[in-house]
Structures are given as structure tokens and as C-alpha cells.
Protein chains: 2
Amino acid sequence: MAVSEKEALCPYRLVLEHVTSRWGVLVLIELLDRPYRFSELRRTISAYGGGRGVSEKMLTQTLQTLERDGLVHRDAKPVIPPRVDYSLTGLGREAAEQVRALSQWTRDRMDDVEKARQTYDEARAAS
Amino acid sequence: MAVSEKEALCPYRLVLEHVTSRWGVLVLIELLDRPYRFSELRRTISAYGGGRGVSEKMLTQTLQTLERDGLVHRDAKPVIPPRVDYSLTGLGREAAEQVRALSQWTRDRMDDVEKARQTYDEARAAS
DNA sequence: CAGTATCCGTGTTGATACTG
DNA sequence: CAGTATCAACACGGATACTG
């Protein structure tokens with residue numbers, strides 16, 4: 001997420017980093033489908049593949065940041081046990097769509113990238 | 001950039017992180033305009049605003065990663081003093097355009113974000 | 001369930017010095 | 001000029017324990 005001295009960065013860079021942050025990307029993409037509850041979101045994202053999932057802490061942090069930026073809407077129902085639904089705001093939806101597009105592109109071009117890597121690695125294996 | 005255990009992440013997530021990494025974003029956007037030499041790129045990006053600039057190390061790392069992924073082309077001329085030009089590949093240009101779009105969107109919506117933040121902060125200042 | 005608070009390992013970052 | 005190598009700091013991310 002990057003929160004430290006990045007307060008010193010130009011504001012828009014900051015938002016960009018929130019949006020493109022490790023978990024920010026996944027949260028936005030998931031919420032594009034439908035609203036999610038906290039744990040539900042956690043499970044879904046964790047199952048996403050690769051490394052282990054999000055810690056509660058990181059998911060909380062990510063959601064709070066995105067909420068503060070006005071991209072995510074938090075709806076806490078005053079019931080017991082607690083129930084909180086997260087969804088995208090209009091602003092958030094715009095961002096999420098861009099992110100999804102980039103993510104999609106990456107998947108589409110994966111073959112080219114892998115090929116490029118192979119070429120690169122072979123070239124320097126010949127040292 | 002993120003290079004550690006992220007080797008364990010699904011490959012496309014990895015590329016996505018390269019592309020959206022702190023300096024990766026700026027490199028791609030700058031190279032969209034024209035080719036740059038190493039130091040030139042370093043100065044331009046550093047002047048970008050906010051925090052201090054890229055360290056040589058980080059710029060090198062970023063460029064190497066992007067080159068390996070086939071997004072950036074490195075043209076090292078065998079002269080003294082050394083001269084190396086960096087430019088986008090076709091693949092890189094596609095990525096860069098997406099990134100620029102996202103970056104542009106962020107700038108455009110900055111006002112809304114700032115407003116949202118203010119609202120958010122005020123709401124919780126009333127604690 | 002949905003968080004908060006705290007602590008700690010480790011990776012990423014960046015200064016600095018050096019090389020071709 | 002265009003890097004590489006080394007080292008130290010610090011922030012990030014996660015595990016754990018606790019709360020409403």
C-alpha cells in the first residue's frame with residue numbers, strides 16, 4: 001500500500017499507488033462483480049492463487065485506504081454478530097474498470113512476456 | 001518492484017506488479033514520449049515531483065525487470081563514454097498506454113478523491 | 001463476525017563507493 | 001556515462017492475541 005513518506009509524493013501518485021497496490025488491485029476487481037462481506041472478500045482474494053492470502057490486517061488497511069479515497073463504500077450493519085458489506089462507489093467503479101483492463105491485458109500478453117523472458121535469460125546464460 | 005517470494009505468485013500478477021510498480025509506472029509513461037538515455041531518464045523521473053528521485057539502483061532494477069519482461073528495449077552503444085538508449089517495445093507500448101490512461105484518470109478524478117478524503121476525515125474527527 | 005493493537009522478521013529501498 | 005557491489009534503515013506485511 002505504501003503509506004510512509006509517500007505522503008510527500010504528489011497526491012495523484014499516491015492514489016495511483018493505492019489503486020495498484022498488491023491487494024488494492026484484487027479488491028477492486030472482485031468488487032466489480034458484486035458487494036462482498038469482509039471475510040468473504042478475504043477468502044475470495046486468498047483463493048486467488050499463488051502466494052498465501054491476505055492477512056486481516058492488510059485487507060483492513062487496504063479497504064480503509066480505498067474507502068478514504070472514496071473508491072469503496074463501507075456499509076456496517078448494526079447487528080450482532082456484526083455484518084459489513086463493501087461495495088464500489090461510482091468513482092471506484094471507474095478505477096476498477098481500468099485496473100481490470102490492465103489486469104486482463106497482462107493475462108492476454110502473458111505468453112509474449114514469458115517468451116521474452118526466455119530469450120533474455122538464454123542470452124545472458126551465454127556468459 | 002517486488003521480487004522476493006512473489007516468484008510464487010501467479011505469473012500474471014507478477015507482471016502486473018512490475019508494470020504498476022513505483023518506478024515502473026513512471027518509466028513506462030516517460031518512454032511513451034520518446035527514447036531516453038539512462039541519466040536523462042533518471043533526471044526526468046526525479047523531477048517528476050513529490051519525493052526525491054529514483055536511485056540509480058532502483059532505476060537499473062526497474063529497467064532490467066521491464067526489459068526482461070519484453071516491455072523495454074535496451075540499446076547499448078559500444079562507445080566511450082558509454083551510451084545506452086531505452087525505448088518501448090510494441091508490447092511495452094501497449095502496457096504503457098494502459099498505465100498512462102490509469103494515471104490520467106487518477107489526475108482527472110483527484111478533486112473527487114480529495115473531497116472524499118475530507119468527508120471521511122471529518123466524519124471520524126467527530127469521535 | 002469484523003475488526004484493533006502490538007510485536008517482529010525480512011525485503012525493499014536508498015546512500016555510498018567503486019568499476020569499465 | 002552507465003552501471004555494479006555492499007551495507008544499513010526502515011517500512012511493509014504478517015502472526016498473534018484481544019475487543020465489541
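Order of the sequence lines sets the chain letters (A, B, ...), proteins ahead of strands, with each chain counted from 1.
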Asker: Please check if the side chain of A/S103 supplies one atom and the backbone of A/V99 the other of a donor-acceptor pair under 3.5 Å.
Answerer: no

Asker: Backbone N or O of B/Y12 within a donor-acceptor pair of the A/T106 side chain at under 3.5 Å?
Answerer: no

Asker: Can you tell me the distance, in whole Å, between the CH2 atom of B/W23 and the P atom of C/dT13?
Answerer: 9 Å

Asker: For nucleotides 1-5 of chain C, list the nitrogen or oxygen atoms of the protein found under 3.5 Å from its nitrogen or oxygen atoms, one pair per line.
Answerer:
{"residue": "C/dC1", "atom": "O3'", "partner": "A/R37", "partner atom": "NH2", "Å": "3.0"}
{"residue": "C/dC1", "atom": "O3'", "partner": "A/P82", "partner atom": "O", "Å": "3.4"}
{"residue": "C/dA2", "atom": "OP1", "partner": "A/R37", "partner atom": "NE", "Å": "2.9"}
{"residue": "C/dA2", "atom": "OP1", "partner": "A/R37", "partner atom": "NH2", "Å": "2.9"}
{"residue": "C/dA2", "atom": "OP2", "partner": "A/S39", "partner atom": "N", "Å": "3.1"}
{"residue": "C/dA2", "atom": "OP2", "partner": "A/S39", "partner atom": "OG", "Å": "2.6"}
{"residue": "C/dG3", "atom": "OP1", "partner": "A/R74", "partner atom": "NE", "Å": "3.3"}
{"residue": "C/dG3", "atom": "OP1", "partner": "A/R74", "partner atom": "NH2", "Å": "2.4"}
{"residue": "C/dG3", "atom": "OP1", "partner": "A/Y86", "partner atom": "OH", "Å": "3.4"}
{"residue": "C/dG3", "atom": "OP2", "partner": "A/Y86", "partner atom": "OH", "Å": "2.6"}
{"residue": "C/dG3", "atom": "N7", "partner": "A/E56", "partner atom": "OE1", "Å": "3.0"}
{"residue": "C/dT4", "atom": "OP1", "partner": "A/Q64", "partner atom": "NE2", "Å": "3.3"}
{"residue": "C/dT4", "atom": "OP2", "partner": "A/Q64", "partner atom": "NE2", "Å": "3.1"}

Asker: List in chain and number order the residues that pass side-chain contact (heavy atoms from CB on, under 4.5 Å) with B/T119, two or more places apart in sequence or in another chain; answer none if no residue qualifies.
Answerer: none

Asker: Measure from the side-chain N and O atoms of A/R68 to the backbone N and O of B/Y120, and report whether any donor-acceptor pair falls under 3.5 Å.
Answerer: no

Asker: Under 3.5 Å, is there a donor-acceptor pair between the side chain of B/E40 and the main chain of B/R37?
Answerer: yes

Asker: Using Watson-Crick or G-U wobble pairs with both distances under 3.5 Å, give me DNA chain C in dot-bracket, 5' to 3', with [ ] for crossers and | for pairs to another strand.
Answerer: ||||||||||||||||||||

Asker: Atom CZ of B/R22 and atom C1' of C/dG14: how far apart are they, to the nearest Å?
Answerer: 10 Å

Asker: Report the distance from atom CD of B/Q61 to atom P of C/dA15, rounded to the nearest whole Å.
Answerer: 14 Å

Asker: Strictly distance-based, threshold 3.5 Å: is any side-chain N or O of B/T62 a donor or acceptor partner for the main-chain N or O of B/W23?
Answerer: no

Asker: Nearest whole Å is fine: how far is C/dG11 C1' from B/L14 CG?
Answerer: 15 Å

Asker: Are the side chain of A/T20 and the backbone of A/L16 linked by a donor-acceptor contact shorter than 3.5 Å?
Answerer: yes

Asker: Given atom CE of B/M58 and atom C1' of C/dA15, what is their separation to the nearest angstrom?
Answerer: 12 Å

Asker: Send over the distance from B/I80 CD1 to C/dT19 P, rounded to a whole Å.
Answerer: 16 Å

Asker: So, A/D75 and A/K77, do they make that salt bridge, N to O below 4.0 Å?
Answerer: yes

